[in-house]
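Remarks on the structure that follows.
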Amino acid sequence: MEIYNPVLKVWTLADSSRIRWGDRDAFLLACHDISPYKEGEAAEGVTLLNLEDR
């Protein structure tokens with residue numbers, strides 16, 4: 001999922017996986033800063049949406 005944080009002005013790509021942690025179910029979250037990629041798309045004219053557009 002791609003999420004834009006207008007306060008920090010950062011685009012984040014978030015992924016999750018269900019895993020076992022010992023004897024319990026858990027979720028592993030991985031977040032990546034993709035701001036340079038998204039800013040490159042904006043420069044190329046690709047339409048960007050953020051949470052305020054919903």
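The backbone N or O of W11 lies less than 3.5 Å from a partner atom in the side chain of S35, making a donor-acceptor pair.
Considering all non-hydrogen atoms of both residues, L8 and N5 come closest at N-OD1, 3.0 Å.
Rounded to the nearest 0.5 angstrom, L28 CG and R18 CZ are separated by 13.5 Å.
Between T12 and H32, the closest side-chain pair of non-hydrogen atoms is not below 4.5 Å.
Atom CZ of R24 has 12 or fewer heavy atoms from other residues, nucleotides or ligands within 6.0 Å.
Hydrophobic clustering (ILVMFWY, side-chain heavy atoms < 4.5 Å, transitive): Y4 and L13 are in one cluster.
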